[in-house]
Amino acid sequence: MPRIEDYTFGRVLVDGQEHTKDVIVLPHRVVGSWWRREGHALVLEDLEEVVDELPKRLIVGTGAYGRMEPDPGAVEELREREIEVESLPTPDAVRRYGELDEARTAAALHLTC
């Protein structure tokens with residue numbers, strides 16, 4: 001299972017590999033260079049590639065200053081799929097991810113603002 005080792009503005013270290021673009025950490029793989037349709041929003045389409053792989057919990061890192069906002073409709077759709085969603089500024093999201101069972105948790109992290 002991937003492990004998030006460190007985060008600083010614009011950079012995250014996952015299993016010894018540095019990522020400088022937004023990233024999704026799933027229980028069995030890492031999706032680097034995660035692209036979102038709008039820079040400071042998160043819509044369900046942004047998770048299309050991984051939605052069927054999401055475990056029971058998704059931690060959303062909203063950026064160092066919390067500027068990325070998950071669309072309420074996307075959060076509701078994920079909850080309808082029985083996926084619990086927590087949105088936190090990325091430093092807090094990384095800490096929260098580390099407290100949880102990595103086999104049952106994914107993280108979608110915006111690395112900058």
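Computed from a predicted structure; not experimentally measured. Side chains included, hydrogens not; waters and symmetry mates left out as well; all remaining heavy atoms used.
- Taking all atoms of both residues into account, the shortest heavy-atom contact from T62 to S87 is CG2-CB, 4.1 Å.
- At a threshold of 4.0 Å, the pair R96-E86 counts as salt-bridged, since one of the basic side-chain nitrogens sits closer than that to a carboxylate oxygen.
- For the pair Y97 and A107, the tightest heavy-atom approach, listed with the atom from each and the gap, is CD1-CB, 3.8 Å.
- The closest side-chain heavy-atom distance from L47 to L58 is below 4.5 Å.
- Around atom CZ of R3, no more than 12 heavy atoms belonging to other residues, nucleotides or ligands sit under 6.0 Å away.
- Using a 4.5 Å heavy-atom cutoff, the side chains of R104 and R57 are not in contact.
- When atom types are taken as modelled, the side chain of R79 and the backbone of E84 share no donor-acceptor pair closer than 3.5 angstrom.
- Proximity of a side-chain donor or acceptor of Y65 to a complementary backbone N or O of T112 within less than 3.5 Å is not detected.
- Here NZ of K56 is found 7.5 Å from CD1 of I83. Values are rounded to the nearest 0.5 Å.
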**Request:** Output, in order, the C-alpha distance, side-chain angles, deciding distance and verdict of salt bridge (charged side-chain N to carboxylate O under 4.0 Å, His left out) for R95 and E99.
**Result:** CA-CA 7 Å; R95 275 191 289 282; E99 297 169 355; over 6 Å; no
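- With contacts defined as side-chain heavy-atom distances shorter than 4.5 Å, the pair E18/V12 does not qualify.
- With respect to I4, the side chain to side chain contact (heavy atoms under 4.5 Å, CB included) criterion is satisfied by exactly one of L13, L109, V30, D15: L109.
- The minimum heavy-atom distance between V75 and P70, with the atom names listed, is CG2-CB, 3.8 Å.
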**Message:** For a side-chain contact (heavy atoms from CB on, under 4.5 Å) check, start with the C-alpha distance between F9 and L111, then their side-chain angles and the critical distance, and finish with the verdict.
**Reply:** CA-CA 6 Å; F9 185 91; L111 301 183; over 6 Å; no
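- Between E38 and E69 there is no side-chain heavy-atom pair separated by less than 4.5 Å.
- The nearest pair of heavy atoms linking P91 to Y7 is CG-CE2, 3.7 Å.
- The distance from atom CG of D71 to atom CG of L44, rounded to the nearest 0.5 Å, is 8.5 Å.
- Hydrophobic cluster membership is shared by V31 and L78, with clusters built from Ile, Leu, Val, Met, Phe, Trp and Tyr side chains linked at under 4.5 angstrom.
- A donor-acceptor contact under 3.5 angstrom links the side chains of R36 and H110, judged on distance only.
- L42 places a side-chain heavy atom less than 4.5 Å from the side chain of M68.
- Heavy-atom contacts from other residues, nucleotides or ligands closer than 6.0 Å to CD of E80 number more than 12.
- Here the shortest heavy-atom pairing between P27 and P2 reads O-CD, 3.0 Å.
- When hydrophobic clusters are built by joining Ile, Leu, Val, Met, Phe, Trp and Tyr residues whose side-chain heavy atoms come closer than 4.5 Å, directly or via intermediates, L54 is not grouped with V25.
- Counting heavy atoms from C-beta outward, V50 and R29 have side chains that approach closer than 4.5 Å.
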**Message:** Walk me through whether T105 and I59 qualify under side-chain contact (heavy atoms from CB on, under 4.5 Å).
**Reply:** CA-CA 7 Å; T105 307; I59 305 299; 3.8 Å; yes
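- In this structure, S33 and D22 have side chains that are not in contact, with every pair of non-hydrogen atoms separated by 4.5 Å or more.
- No more than 12 heavy atoms of other residues, nucleotides or ligands sit less than 6.0 Å from atom CD of E48.
- Looking at heavy atoms from C-beta onward, D6 lies in side-chain contact with R11 at the 4.5 angstrom threshold.
- Panel note: side chain E5, backbone G16; a donor-acceptor pair is recorded below 3.5 Å.
- How far CD of E49 is from CG of L26: 8.5 Å, rounded to the nearest 0.5 Å.
- Linking ILVMFWY side-chain heavy atoms closer than 4.5 Å, directly or via other members, places V85 and I24 in a single hydrophobic cluster.
- At least one donor-acceptor pair closer than 3.5 Å links the side chain of W34 to the backbone N or O of D46.
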